Amino acid sequence: MSTTIAILIGVLIGAAMALAAYIIVQRIVLKGRKDEIIAKAEIEAEGIKNEKIHQAKEKFLQLKSEHEQYINEKNNAIRESENRIRQKENNLNQQNAELQKKLRDADNARNSLNAQREALEKKAEEYERLSSQANKQLETIAGMSAREAKEVLMENMKAEARTEAQAYINDTMDEARLNASKEAKRIVINTIQRTATETAIENAVTTFPIENDEIKGRIIGREGRNIRALEAATGVEIVVDDTPDAILLSAFDPVRREVARLALHQLVVDGRIHPARIEEVVAKVQKQLDEEILETGKRTCIDLGIHGLNIELVKMIGRMKYRSSYGQNLLQHSREVANICATMASELGLNPKIAKRAGLLHDIGKVSEDEPELPHAILGMKLAEQYKEKPEVCNAIGAHHEEIEMTSVISPIVMIGDAISGARPGARREVIESYIKRLKGMEDLAASYPGVTKSYAIQAGRELRVIVGADEVSDDQAARLSADIAQKIQEEMTYPGQVKITVIRETRSVAYAK
């Protein structure tokens with residue numbers, strides 16, 4: 001037992017000694033390798049150090065070169081600036097010298113002018129003195145003062161100048177009228193020929209034809225209930241009298257008359273005429289007529305090539321079909337004015353589309369139910385502005401009767417187109433009372449001037465002949481009188497087309513042989 005322990009202890013001691021010896025050997029080997037690695041690292045570090053020092057030197061030399069180049073460029077720029085400054089300084093010195101020379105010349109010229117002014121003042125004083133002496137001598141010879149002679153001379157010169165001026169004005173006006181008349185006639189005739197509209201215009205229907213008295217009785221109804229229902233539904237007064245085969249429809253609104261006419265036509269064709277059926281048919285006809293009005297407005301715009309109108313303006317254009325002005329259908333009149341305006345604008349080199357648009361809308365105020373107390377031109381202009389029409393179109397609408405100032409070149413074209421359309425023979429029918437009143441007013445206006453003995457309106461009011469006294473009005477005064485009467489008629493009266501004023505002055509010498 002003891003031997004085994006001793007052997008085990010011996011083995012352990014041997015193993016421990018062997019391990020110690022291995023550790024010692026490893027340490028010796030590691031120490032040698034470490035010294036070798038350290039030496040190698042020192043060598044590499046020395047190489048890297050030398051390389052970095054070399055790179056630093058090269059970088060320093062490069063930066064030094066760039067800095068020297070930058071310094072040289074700055075020095076060159078400074079030298080160039082100095083040269084320019086010296087050159088400008090030399091130029092300024094030269095200009096200053098020239099300016100000083102000019103100032104000296106100006107002083108010399110001023111002194112010369114002062115001397116000349118003094119000489120002129122002396123001569124003027126001498127002239128005044130001699131003129132005063134001459135005037136005194138003339139006053140002594142003529143027997144009147146200089147003021148009196150001046151007044152006589154001025155009056156004579158005024159009369160002579162007035163006569164010569166009137167003669168020159170007459171010659172100029174005649175020449176201007178001749179040239180303007182030729183060009184205006186060419187444009188107007190060309191426009192009228194290209195428009196080629198009918199002379200007679202259709203009127204709104206106011207008479208409803210019937211076949212026999214039986215139908216008339218059915219329209220009246222028992223105790224007149226049918227006719228009362230029809231009047232209440234349409235707002236039209238229905239006149240049934242002894243007129244054979246006809247019933248009169250009376251209302252200030254042509255649209256209402258048209259509704260009543262169409263409703264009566266459908267009732268007569270259908271044969272069922274009683275209050276309930278009347279209300280039903282009137283409502284149906286009203287709806288159909290509203291659709292027809294809109295369709296008429298759209299068709300009119302398409303025919304004329306006008307696009308982009310507000311739908312309310314399109315409806316108003318359709319309602320023009322059932323309006324008339326002096327017997328002239330308003331829609332036909334507006335279409336005609338639109339075509340005339342487009343043709344004139346093309347002849348004058350203006351925009352025909354805007355002119356046509358303004359011509360179509362110029363009477364739009366006549367079909368509006370708002371603000372009836374306003375003139376239709378002003379009302380139409382407000383409607384156009386409300387529905388976003390162009391300013392030149394709005395101005396042309398408002399100014400076509402000269403109720404506002406014309407600010408667009410289209411405005412006089414619309415006014416002329418309206419006059420051409422309304423002034424054609426057969427286009428309009430005025431009420432006889434207003435026609436007679438207008439002619440009488442022209443004659444009274446001419447008779448109000450001094451020297452007028454008689455005045456006559458002829459050619460349906462297109463010409464006014466004025467007869468003056470030969471002893472009260474001279475030839476020159478007669479020429480001025482015609483212009484004054486024309487101006488006053490233009491300012492105070494309303495008339496279609498134009499009025500020609502002819503002043504007649506006769507001199508009669510009478511002698512008797514005894």
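The first residue in the sequence is number 1, and the count goes up from there. From a predicted model like this one, the values you see are computed outputs, not experimental measurements. Worth knowing before you read on, the calculation uses all heavy atoms, side chains too, and leaves out hydrogens, waters and symmetry mates.
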Going by heavy atoms in the side chains, are [X] and [Y] under 4.5 Å from each other?
X	Y	answer
V414	I397	no
V314	T300	no
I340	I413	no
I420	E336	no

Other residues, nucleotides, ligands: >12 heavy atoms within 6.0 Å of [X] [atom1]:
X	atom1	result
H274	NE2	yes
R505	CZ	yes
Q87	CD	no

Checking the side chain of S482 only, and the main-chain atoms of I501 only, is there a donor and an acceptor separated by less than 3.5 Å?
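No: the side chain of S482 does not pair with the backbone of I501.
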Donor-acceptor pair, N395 side chain versus E405 backbone, under 3.5 Å?
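A pair under 3.5 Å: yes.
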Can you give me the closest heavy-atom contact between [X] and [Y], atom names plus distance?
X	Y	answer
M320	S334	SD-OG, 3.4 Å
Y449	D484	OH-O, 3.5 Å
L330	K366	CD2-CB, 3.8 Å

Excluding sequence neighbours, so at least two apart, what forms side-chain contact (heavy atoms from CB on, under 4.5 Å) with N351?
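By the side-chain contact (heavy atoms from CB on, under 4.5 Å) rule, N351 matches K353, I354.
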Take E472 and V452, measure what side-chain contact (heavy atoms from CB on, under 4.5 Å) needs, and give me the verdict at the end.
CA-CA 9 Å; E472 298 179 12; V452 176; over 6 Å; no
Can you list the steps and then say if L445 with L464 is a side-chain contact (heavy atoms from CB on, under 4.5 Å)?
CA-CA 10 Å; L445 186 146; L464 182 63; 5.9 Å; no
Return the [atom1] to [atom2] distance between [X] and [Y], rounded to the nearest 0.5 Å.
X	Y	atom1	atom2	result
C341	H362	SG	NE2	8.0 Å
Y387	I364	OH	CD1	10.0 Å
L103	R110	CG	CZ	8.5 Å
L350	S408	CG	OG	8.5 Å

Side-chain donor/acceptor pairs under 3.5 Å, residues 276-287, sequence neighbours excluded:
unit_1 : atom_1 : unit_2 : atom_2 : d
R277   : NH1    : E280   : OE2    : 3.4
Q286   : NE2    : D290   : OD1    : 3.2

Candidate pair H376 and H400, rule ring pair (Phe, Tyr, Trp, His ring centres under 6.0 Å), full reasoning
CA-CA 10 Å; H376 75 273; H400 78 275; 5.3 Å; yes
side-chain contact (heavy atoms from CB on, under 4.5 Å) partner of E385, the single match among E389, M381, K388:
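Of all the options given, the one that passes is M381.
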When K321 is tested against each of Q332, E258, E292 for side-chain contact (heavy atoms from CB on, under 4.5 Å), which residue passes?
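Among the candidates, only E292 passes.
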Evaluate the side-chain contact (heavy atoms from CB on, under 4.5 Å) criterion for residues R319 and T296: first the C-alpha distance (whole Å), next the side-chain angles of each, then the deciding distance (0.1 Å), finally the verdict.
CA-CA 8 Å; R319 283 202 293 270; T296 300; over 6 Å; no
Tell me, which pairs form a salt bridge (Lys or Arg N to Asp or Glu O under 4.0 Å) where one or both residues lie in residues 296-317, sequence neighbours left out?
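Counting only pairs at least two positions apart or across chains, the salt bridge (Lys or Arg N to Asp or Glu O under 4.0 Å) contacts touching residues 296-317 are D303-R335, E312-K315.
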Go through L309 and I317 one step at a time and tell me if the side-chain contact (heavy atoms from CB on, under 4.5 Å) criterion holds.
CA-CA 10 Å; L309 278 178; I317 292 172; 3.6 Å; yes
